[in-house]
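Scroll down for the structure; my scribbles are underneath it.
Numbers restart at 1 for each chain; the letters A, B, ... are given by sequence-line order, proteins then strands.
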Number of protein chains: 2
Amino acid sequence: MKTRDKIIVASIELFNEQGERNITTNHIAAHLGISPGNLYYHFRNKEDIINAIYSEYADDLINQFKGLSDAINPLDSILLYMDIVFQLISKFRFFYSNLPVLLSKNPALKKRYSEIQKEIIQKVSSMLQSLNEAEILSIKDDELEDLTCLLRITTTFWLSYLQTQIEDNPKIDDASLYEGLLKIFALLSPYVTDGARQDFENARDQYKALKQDALTQQIAI
Amino acid sequence: MKTRDKIIVASIELFNEQGERNITTNHIAAHLGISPGNLYYHFRNKEDIINAIYSEYADDLINQFKGLSDAINPLDSILLYMDIVFQLISKFRFFYSNLPVLLSKNPALKKRYSEIQKEIIQKVSSMLQSLNEAEILSIKDDELEDLTCLLRITTTFWLSYLQTQIEDNPKIDDASLYEGLLKIFALLSPYVTDGARQDFENARDQYKALKQDALTQQIAI
DNA sequence: GTCTATACTACGATAGAC
DNA sequence: GTCTATCGTAGTATAGAC
């Protein structure tokens, strides 16, 4: 791997584990066994590294969504979508743990973030409309915007919420992500039509089982 | 006002405006026209100031909730409760903009935060049950926990969400808080019984009007 | 591309006079 | 209680050799 890429990978790892605020450029260099000077050859400063990480995040996002374009049923579609979102948030969780602060001191990043957010909101909104048309959900026009917003808040801050709840510092694992997805089920549940109720609850049970599996696996290790 | 209190007030103000991370003890002292030495006479360090601010927050919370104990109807009760919560979050928003980071590097604070959280969750949960018993909402037993959790996430991170959405750096004002409260309405809406629907929508319209007032007032200024 | 060495700065914190 | 003066440290960043 090129040094530049190594720096990005190590930074993500260290930021996630110990918090972006607690990790300096020197830490990153030391962790990789390279000199600070070398790090500064590849990046102008720490903000530059964060911006590069965000580029990687954005690329990931686009690539993952491409693989999702196959026409499957709308319920699976939104679930897979949410799954991807949770996984990406987990992979870059230092970023989301710190979202308002990180964005406020980096206007360029905030602009990029806003643009991607707009697309995601658009996508979620259109997925909900598809579910409406397929008569899986029954959402009134004036409810659509609020529901989209609540879905965004829940996905964006789910891990942050978990981190504030758990007593000792938590390990973010697959079970945490499935638990987040189950909150999405809870949000959508009141809007599910009678006709789709069975499928919906089956899907929910599947994710409950996945969460349980992840939990027991975790204990086994 | 005593110097100690002045330091707390100024710190809250500066932290909210410019972010806790960007404000040093020297900034606080300079802002008050006192010496750094004087500040350090009153507080051992910056973390000590933050802990003192949190004590003020906790006191505020308890006092506000005391004034709420009068038996009013359960719907007004939860709305007033949420109103208080939003206002407190707004008053200490630097804290919530930074929640996971601030808590992870201050275990004592995290412990205090967790304890208060437990009480709030308990309180919200019992309020929802009252609404159930009064047949204003119809929440099944297995839905209660998820709904409580979604309410917590939405209130806790509403302002953080707003800050990430608005293009240029946002002014958090009354309209923002009412908008947050309307998200609470959106969360509860699917669970409202037919019998209580009219009251619920009337209350919602009231808050919509309040938000509009706040918006126009803001433009007038 | 990578290293060593170093300069600079900001911040946290304390000592000691008043 | 408050000030002035100052020290130590940690983090950022660059220069210049290899």
Partner of Val101(A) under side chain to side chain contact (heavy atoms under 4.5 Å, CB included), chosen from Asn98(B), Asn22(B), Val101(B)
Asn98(B)
Mark yes or no for whether His27(A), through its side chain, and Thr24(A), through its backbone, hold a donor-acceptor pair below 3.5 Å.
yes
Return the value, rounded to whole Å, for the distance between atom NE2 of His27(A) and atom C1' of dT12(D).
13 Å
Length of the CZ-P vector between Arg44(A) and dA13(D), whole Å:
9 Å
Which residues satisfy the salt bridge (Lys or Arg N to Asp or Glu O under 4.0 Å) test with Glu115(B), sequence neighbours excluded?
Lys111(B)
So that I can tick it off, tell me whether Lys105(B) and Glu47(B) are bridged by a salt bridge, with the cut-off set at under 4.0 angstrom between side-chain N and carboxylate O.
no
Atom CG of Asp48(B) and atom C1' of dT14(C) are separated, to the nearest Å, by 16 Å
Mind checking salt bridge (Lys or Arg N to Asp or Glu O under 4.0 Å) for Asp60(A) and listing every partner two or more places apart, or none if nothing turns up?
Lys91(A)
If I take atom CG in residue Asn45(B) and atom C1' in nucleotide dA10(C), what distance separates them, rounded to the nearest angstrom?
17 Å
Side-chain N or O of Tyr40(A) less than 4.0 angstrom from OP1 or OP2 on dA13(D)?
yes
Separation of atom CD1 in Ile7(A) from atom P in dA13(D), rounded to whole Å
14 Å
I want to check something: taking the side chain as every heavy atom from C-beta on, are Ile50(A) and Phe15(A) in contact at a cut-off of under 4.5 Å?
yes
Over all strands shown, is Asn26(A) touching base, sugar-phosphate only, or nothing at heavy-atom distances under 4.0 angstrom?
base
Contact letters for nucleotides 1-7 of chain C, in which S counts primed atoms plus P, OP1 and OP2 and B counts the base, heavy atoms under 4.0 Å
BBBB---
Between atom CD1 in Ile28(B) and atom P in dA13(C), what is the gap in whole Å?
12 Å
